[in-house]
Protein chains: 2
Amino acid sequence: MIKATSSNAANKAFLYQSCRINAALDVISGRWKALIIIHISEAQNRFSLLKAVLAPVSDQTLGRQLKELESSKLITKTIIAEVPVRVDYHLTEKGKALLPILQDLSEWNDR
Amino acid sequence: MIKATSSNAANKAFLYQSCRINAALDVISGRWKALIIIHISEAQNRFSLLKAVLAPVSDQTLGRQLKELESSKLITKTIIAEVPVRVDYHLTEKGKALLPILQDLSEWNDR
DNA sequence: CAGAATCCCTTGGGATACTG
DNA sequence: CAGTATCCCAAGGGATTCTG
């Protein structure tokens with residue numbers, strides 16, 4: 001039959017085809033993603049810095065969200081082979097283009 | 001101890017306090033909400049009409065999303081006591097203000 | 001017509017421990 | 001320092017059935 005199991009994926013596909021907005025929302029709807037993007041834009045671009053400002057997040061979750069943002073092409077990851085290894089995150093052009101939209105959203109909700 | 005159980009709500013509270021964006025994202029991150037808002041703005045503002053354009057959605061889920069949008073003050077619900085009862089949905093000012101932002105998001109993702 | 005009630009399953013996110 | 005591996009739980013969504 002394949003009913004309950006496939007409907008979830010099928011519905012998702014339907015949404016993607018219906019409107020590009022759904023794809024866009026998917027990209028930014030991770031629980032911490034918007035905040036991660038904002039902090040990276042403000043030079044909080046190291047794993048430990050992010051962990052500090054996003055205090056209650058777990059390593060696992062933070063790592064997952066970063067990986068997803070990277071595969072969505074919103075951020076890039078640069079590994080620097082220093083003594084204690086260091087990793088810098090930076091926004092891509094697409095990531096930067098999202099900032100004013102997030103700003104609009106924030107103002108929208110304040111009204 | 002209250003650990004695993006309370007952390008979810010605690011993290012959510014943290015996000016809300018950190019930035020207004022999280023509250024805004026919460027409002028529009030239901031799976032069908034963006035599409036519902038768009039269709040209502042285009043006069044597909046009846047339950048059955050919405051169900052038709054959002055083909056694979058279930059009654060239950062559609063009803064839930066509508067109720068959430070209503071309590072977020074994005075749409076209003078008007079019950080008209082005709083022979084087969086009829087219900088009209090309309091966007092509030094806040095709901096209308098969201099449309100251009102959704103448009104921006106859509107264009108952003110197309111780049 | 002427009003839902004509410006009930007039940008079930010997938011998924012996102014969290015806790016903890018371990019690694020290059 | 002910057003993660004990954006495992007395991008687990010709550011919540012969002014979906015299917016189906018029933019109602020004013």
Side-chain angles (χ1 to χ4, degrees), chain A residues 1-15 22 25-36 40 44-52 54-70 75 77-89, chain B residues 1-15 22 25-36 40 44-52 54-72 75 77-89:
Chain A
M1 295 288 279
I2 312 177
K3 271 189 166 181
T5 310
S6 69
S7 66
N8 187 36
N11 283 356
K12 202 161 182 175
F14 172 85
L15 285 168
N22 298 298
L25 285 176
D26 232 38
V27 166
I28 58 174
S29 62
R31 184 169 242 189
W32 306 86
K33 287 185 186 168
L35 234 42
I36 289 174
I40 290 182
Q44 308 291 322
N45 59 342
R46 307 268 305 282
F47 194 92
S48 49
L49 288 176
L50 286 170
K51 190 155 170 46
L54 303 177
V57 76
S58 72
D59 286 7
Q60 170 67 295
T61 299
L62 180 54
R64 256 191 310 232
Q65 305 266 314
L66 285 169
K67 205 186 272 183
E68 287 174 28
L69 286 173
E70 195 191 350
I75 62 174
K77 176 175 171 177
T78 312
I79 300 175
I80 302 168
E82 295 184 346
V83 184
V85 70
R86 176 182 149 191
V87 175
D88 280 10
Y89 291 99
Chain B
M1 295 287 281
I2 312 175
K3 269 190 167 182
T5 310
S6 69
S7 66
N8 187 37
N11 283 356
K12 202 161 183 176
F14 172 84
L15 286 167
N22 298 299
L25 285 176
D26 233 36
V27 166
I28 58 175
S29 62
R31 182 168 244 189
W32 305 86
K33 287 184 187 170
L35 234 41
I36 289 174
I40 290 182
Q44 309 290 324
N45 59 342
R46 307 268 305 282
F47 194 92
S48 49
L49 288 176
L50 286 169
K51 189 155 170 46
L54 304 176
V57 76
S58 72
D59 286 6
Q60 170 67 297
T61 298
L62 180 54
R64 255 190 310 230
Q65 305 266 315
L66 284 169
K67 205 187 274 184
E68 286 175 28
L69 286 173
E70 195 191 350
S71 69
S72 302
I75 62 175
K77 176 176 173 177
T78 313
I79 299 175
I80 302 169
E82 294 183 347
V83 184
V85 70
R86 176 181 150 194
V87 175
D88 281 10
Y89 290 100

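Throughout, protein chains are lettered first and strands after them, A, B, ... in sequence-line order, and every chain is numbered starting at 1.
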Exercise. Please give, in whole Å, the distance from dG12(D) P to N22(A) CG?
Worked result: 18 Å
Problem set entry | Approximate separation, where rounding is to 0.5 Å, of L50(A) CG and L66(A) CG | 6.0 Å
Exercise. Just how far, in rounded Å, is C1' of dG13(D) from CG of L54(B)?
Worked result: 14 Å
Exercise. Listed by chain and number, what are the salt bridge (Lys or Arg N to Asp or Glu O under 4.0 Å) partners of K77(B), not counting sequence neighbours?
Worked result: none
Seminar exercise, completed: Hits for side-chain hydrogen bond (donor to acceptor under 3.5 Å, both in side chains) against S58(B), two or more places apart or cross-chain, chain-then-number order -> T61(B)
For this session: Starting from P on dG3(C), measure out to NZ on K51(B) and report it in whole angstrom.
Result: 12 Å
Exercise. Do any of residues 58-71 of chain B sit with a heavy atom less than 4.0 Å from DNA chain C, and if so which?
Worked result: D59(B), Q60(B), K67(B)
Problem set entry | Those residues that, when tested against N22(A), pass side-chain hydrogen bond (donor to acceptor under 3.5 Å, both in side chains) (two or more places apart) | none
Problem set entry | Whole-Å gap separating C1' (dG3(D)) and CD1 (I75(A)) | 14 Å
Problem set entry | Side chain to side chain, L62(A) and F47(A), heavy atoms closer than 4.5 Å | yes
For this session: Compare side-chain N and O positions of Y89(B) against OP1 and OP2 of dG3(C) and report whether any pair is under 4.0 Å apart.
Result: yes
Problem set entry | Residue closer to the 5' end of DNA chain D, F47(A) versus K12(A) (nearest nucleotide) | F47(A)
Exercise. Looking at five pairs on each end of the helix from dC1(C)-dG20(D) to dG20(C)-dC1(D), what is the angle between the two axes, given to 10 degrees?
Worked result: 60°
For this session: Return the set of residues passing side-chain hydrogen bond (donor to acceptor under 3.5 Å, both in side chains) with N45(A) (not counting sequence neighbours), or none when no residue passes.
Result: none
Exercise. Which part of the nucleic acid does V85(B) contact within heavy-atom distance under 4.0 Å: base, sugar-phosphate only, or nothing?
Worked result: base
Problem set entry | Atom-pair distance (CZ on R31(B); C1' on dA15(D)), nearest Å | 14 Å
Problem set entry | Gap between atoms CZ and C1', on F14(A) and dG14(D) respectively (whole Å) | 15 Å
Exercise. Can you pull the salt bridge (Lys or Arg N to Asp or Glu O under 4.0 Å) pairs that have at least one residue in residues 55-71 of chain B, sequence neighbours excluded?
Worked result: K33(B)-E68(B), K51(B)-D59(B)
Seminar exercise, completed: Out of dT11(C), dA2(D), dA11(D), minimum distance to the side chain of N8(B) belongs to dA11(D)
For this session: Check whether any side-chain nitrogen or oxygen of S7(A) sits under 4.0 Å from OP1 or OP2 of dG14(D), and answer yes or no.
Result: no
Exercise. Would one find a side-chain N or O of N11(B) under 4.0 angstrom from OP1 or OP2 of dG13(C)?
Worked result: no
Exercise. Could you state the CD-P distance from Q44(B) to dC1(C), rounded to the nearest angstrom?
Worked result: 15 Å
For this session: Report yes if some heavy atom in the side chain of Y89(B) is under 4.5 Å from a heavy atom in the side chain of I36(B); otherwise report no.
Result: no
Exercise. K77(B) has an atom NZ; how far is it from atom P of dC1(C), in whole Å?
Worked result: 16 Å
Exercise. With R86(B), which residues qualify under side-chain hydrogen bond (donor to acceptor under 3.5 Å, both in side chains), at least two apart?
Worked result: E82(B), D88(B)
